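All remarks here apply to the structure that follows.
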Amino acid sequence: MEDILSQVYDPEAFREAGHRLVDVLADHLSNTQHGLTEQAITWRQPNEALERWQFDPDAPGGDAVNLLQEIMTESVQLHHPRYMGHQISPPAPVAALAGLLGDFLNNGMGVYEMGIPGTAMEVNVVRALAKQMGFSPEADGFLTSGGTLANLTAMLAARSIRAEGNVWQEGNVRPMALMVSEEAHYCVDRTARIMGWGEAGIIKIPVNARFQMRTELLEEYYQNATDNGLEVIAVVGSACSTSTGSFDDLEAIAAFCAKHNLWFHVDGAHGGASVFSQKYRHLVKGISLADSVVMDFHKMLLTPAVTTALVFKNGAHSHQTFSQKAQYLFGQATDPEWFNLARRTFECTKVMMSAKVYVLWRTYGTALFDAFVTRMYDLGTAFAQLIQNRPDFELAVEPECNIVCFRYLGPGDAEANNRLNARIRKVIVEDGHFYIVQTQLRGLTWLRVTLVNPRTDEGVLKGLLDKVILFSN
Ligand SMILES: Cc1ncc(COP(=O)(O)O)c(C=O)c1O
């Protein structure tokens with residue numbers, strides 16, 4: 001074999017590099033989670049970053065582990081207690097190791113014979129999740145690449161099953177629509193547009209003071225839509241919404257969908273994980289009444305991205321997304337080829353995402369997920385309390401989970417405070433000790449945190465409020 005090819009597959013070089021890298025990562029984990037590393041984020045302007053990471057493909061060389069260490073140091077540190085930005089959890093190291101194994105094996109998960117353990121783990125994980133959600137054994141589904149794609153897949157299935165005519169064959173014969181809270185994640189809006197339904201195809205239901213869908217308005221909006229010639233296919237419940245972490249009343253939506261024979265979908269990308277918390281599972285009461293549910297393991301369940309489950313109440317429906325009605329055998333619990341997952345998923349080659357959840361769940365059990373979700377949601381309440389005790393801060397809404405929106409109240413009017421809070425957030429990111437994000441709610445700019453680190457405590461959160469005050473000047 002040519003030198004370069006034998007070099008790249010040299011087992012001893014791999015052993016040496018792998019051991020060094022794991023040592024680097026373990027030290028980094030210890031330092032970050034104990035707050036010994038300063039930066040939760042190392043901010044660079046985009047163009048500066050582009051230049052920093054330029055390389056010459058014709059002049060290779062250098063030590064790969066040193067390079068990996070540089071990348072690590074300059075990346076966002078999810079294991080840092082001062083990381084509280086977007087909704088993604090610090091991966092459990094064992095789940096990251098499973099990711100390494102999956103990358104190393106590179107078994108594609110579309111065709112059964114290319115990923116035998118991966119496929120079996122995937123189906124078992126999804127069935128265990130469905131059971132945890134309270135579904136009957138008829139439920140089934142699969143893992144897919146992110147909540148965005150999973151929501152689209154669910155809506156394609158809903159259209160295939162509920163629309164008049166054969167959409168797969170004939171396309172959209174009639175104008176169709178789905179109904180969803182105005183606070184839903186933007187990917188639901190995208191879904192309607194991707195399906196060719198346009199602006200009219202996404203009916204946004206106003207929210208109440210707690211940013212939950214006003215379900216009492218569903219009937220009126222539905223009647224208006226049907227009067228205007230729209231065929232309403234589905235209602236999507238948010239569990240929870242992205243900006244404020246507000247949970248829609250799933251039981252009310254389920255009752256409405258049952259009355260009108262509509263598909264009931266739950267976007268539980270973030271808060272679907274509540275089913276694991278004995279203390280907080282009441283937030284998603286009614287989830288098992290849904291026809292389909294999306295849940296991201298990478299958001300609230302310590303799993304590397306992207307690992308998303310799409311569960312169907314009637315497992316047979318999961319086979320109908322990409323098939324014509326005529327080809328489909330109703331009433332059959334599973335397709336005879338249930339194990340060839342590409343028949344049901346967008347992906348053809350799919351990474352072995354199942355190993356990450358499976359190894360984690362099998363090693364530590366459901367108690368791990370309960371402990372994590374409960375602790376993070378509790379911390380959301382504790383942070384809200386801290387904010388309420390400070391007259392110079394305002395809370396957008398009492399949090400239902402681990403997403404908290406708040407703002408510093410300066411002396412100026414609402415507009416001045418919008419500018420002030422946006423500036424504070426910018427300086428916080430540039431400073432890098434904390435990583436937080438921001439959101440807009442009813443014309444106001446809010447600072448927003450998602451608490452995802454078990455080592456974030458009230459001391460750290462008080463430190464954040466102090467930082468906000470420091471940067472308000
Ligand atoms: C409620 C909700 N749905 C869907 C998504 C999209 O999920 P993903 O980033 O896995 O595509 C998000 C992401 O924040 C979300 O909060």
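In listed order, ligands and their atoms are each counted from 1. None of the values given here were measured: they were computed from a predicted structure.
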Response to the item:
For atom 11 (O) of ligand 1, the closest protein heavy atom turns out to be T148 OG1, 2.7 Å
Response to the item:
Nearest non-hydrogen protein atom to atom 7 (O) of ligand 1, with distance, is K299 NZ, 3.1 Å
Which atoms of ligand 1 sit under 4.0 Å from any heavy atom of [X]?
X: A269; answer: 2 (C), 3 (N), 4 (C)
X: C240; answer: 1 (C)
X: D296; answer: 7 (O), 8 (P), 10 (O)
X: T242; answer: 1 (C), 2 (C), 15 (C), 16 (O)

Item to complete: Flag G147 as yes when one of its N or O atoms lies below 3.5 Å from any N or O atom of ligand 1, and as no otherwise.
Response: yes
Practice prompt. Answer yes or no: does an N/O atom from S241 fall short of 3.5 Å to an N/O atom of ligand 1?
Written response: no
Discussion item. Show the nearest heavy-atom pair for residues K313 and L289, with the distance to one decimal.
Written reply: NZ-O, 3.0 Å
Fill in: Heavy-atom pair of closest approach, residues L302 and P90
CD2-O, 3.8 Å
Discussion item. I want to confirm something. Looking only at heavy atoms, which of Q87, H86, H298, H185 is nearest to atom 5 (C) of ligand 1?
Written reply: H185
Worksheet item: Mind checking whether Y222 and F256 have ring centres under 6.0 Å apart?
Response: yes
Fill in: Proximity of D267 to ligand 1 by residue part, where a heavy atom lies under 4.0 Å
side chain
Fill in: Point-to-point distance, once rounded to the nearest 0.5 Å, from CG of L360 to CZ of R362
13.0 Å
Worksheet item: Angle class for the F276/W361 ring planes (parallel below 30°, perpendicular above 60°, tilted otherwise)?
Response: perpendicular
Worksheet item: Less than 4.0 Å between a side-chain N and a carboxylate O, is that true for R210 and E398?
Response: no
Worksheet item: Would S318 and R344 count as having a side-chain donor-acceptor pair, cut-off 3.5 Å?
Response: yes
